[in-house]
Amino acid sequence: MAETDAKSEHTVSYSISAESKTATHTVIEARDFEFSVDEPTNVGGTNAGPNPVEYMLGALAGCLNVVGHTVAEEMGITVRNIAVSIEGDLDPRKFMGRAEEPRAGYQDVRVDLTVDSPADEATLADWLETVESRCPVSDNFQNPTPVSLSVTTE
């Protein structure tokens, strides 16, 4: 049996680097791109960018768009546009250190895809099932992914 931490020959690795600018503002570099993560001013941030959980929803929207168009092309479905609307609910008490439960992450995420397509409902239902099963970000929302944290001192 293969070790669970062994990478497949098909595995593609992604990486970012980040540095804090303030207690709430982080600048992230990904490939040739730089973006900011921050909190809104009403919770002590400087509003220099979306907060981490907003980026999670944005990542899900972007991934659903890419996978949606890819799957449509493979299935021979005309899709002129996909508009994505996502809402997520989380309870900040654990993050704030005020409670042990519930978990710190999203409790519920609701996604609506508005698809401009001449395809019938049954075809779009099959398309949606395939999109959901193949979207890496959706998969990470729905399944535990091991995360290993370490600390290094300067």
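Atom NE2 of His69 and atom CG of Leu64 lie 11.0 Å apart (nearest 0.5 Å). Atom CZ of Phe33 is separated from atom CD1 of Ile16 by 14.5 Å, given to the nearest 0.5 angstrom. With values rounded to the nearest 0.5 angstrom, Thr26 atom OG1 is found 9.0 Å from Glu39 atom CD. Within the model, atoms CD of Glu121 and CG of Leu128 stand 12.0 Å from one another, a figure rounded to the nearest 0.5 Å. To the nearest 0.5 angstrom, Asp139 atom CG is 13.0 Å from Arg134 atom CZ. Ile86 CD1 to Tyr106 OH: the interatomic distance, rounded to the nearest 0.5 Å, is 9.0 Å.
A distance-only check finds no donor-acceptor pair linking the side chain of Gln142 to the backbone of Asn140 [under 3.5 Å].
The cluster map of Ile, Leu, Val, Met, Phe, Trp and Tyr, joined by side-chain heavy atoms under 4.5 Å apart, puts Ile28 and Leu60 in different clusters. When the side chains of ILVMFWY residues are joined at heavy-atom separations under 4.5 Å, either directly or via intervening members, Val37 and Leu57 end up in two distinct hydrophobic clusters. Placement of Val66 and Val131 in two distinct hydrophobic clusters is found when ILVMFWY residues are connected by side-chain heavy-atom separations under 4.5 Å, directly or transitively. By the criterion of side-chain heavy atoms lying less than 4.5 angstrom apart, applied directly or through intervening Ile, Leu, Val, Met, Phe, Trp or Tyr residues, Val84 is grouped together with Leu124 in one hydrophobic cluster. Note on Phe35 and Val137: separate hydrophobic clusters, where clusters join Ile, Leu, Val, Met, Phe, Trp and Tyr whose side-chain heavy atoms are under 4.5 Å apart, directly or indirectly.
For residues 44-57, the set of pairs meeting the side-chain hydrogen bond (donor to acceptor under 3.5 Å, both in side chains) definition, not counting sequence neighbours, comprises Asp38-Thr46.
Under the 3.5 Å distance criterion, with hydrogens and angles disregarded, no donor-acceptor pair is assigned to the side chains of Asn143 and Thr145.
The two residues Ala72 and Val79 come nearest to each other via the heavy atoms CB-CG2, 3.5 Å. In terms of heavy-atom proximity, Val67 sits nearest to Pro136 at CG2-CD, 4.2 Å. The minimum heavy-atom distance linking Ile77 with Ser117 is given by the pair CG2-OG, 3.7 Å. Taking both residues in full, the closest heavy atoms of Ala104 and Lys94 are given as N-CD, 3.9 Å, listed atom of the first, atom of the second, then distance.
Residue Arg80 qualifies as enclosed at atom CZ: its count of foreign heavy atoms under 6.0 Å is above 12. The environment of Glu34 atom CD is dense: over 12 non-hydrogen atoms of other residues, nucleotides or ligands sit within 6.0 angstrom. With a 6.0 Å radius and a threshold of 12 heavy atoms from other residues, nucleotides or ligands, Glu74 has its CD atom above the threshold. The number of heavy-atom neighbours closer than 6.0 Å to CZ of Arg110, taken from other residues, nucleotides and ligands shown, is above 12.
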Requested in this report: Just do the side-chain hydrogen bond (donor to acceptor under 3.5 Å, both in side chains) check on Lys21 and Ser36 with the steps written out, would you?
Outcome: CA-CA 9 Å; Lys21 295 300 180 186; Ser36 288; over 6 Å; no

Report task. Test side chain to side chain contact (heavy atoms under 4.5 Å, CB included) on Trp127 and Val115 and set out the steps. Result -> CA-CA 11 Å; Trp127 168 83; Val115 181; 3.6 Å; yes

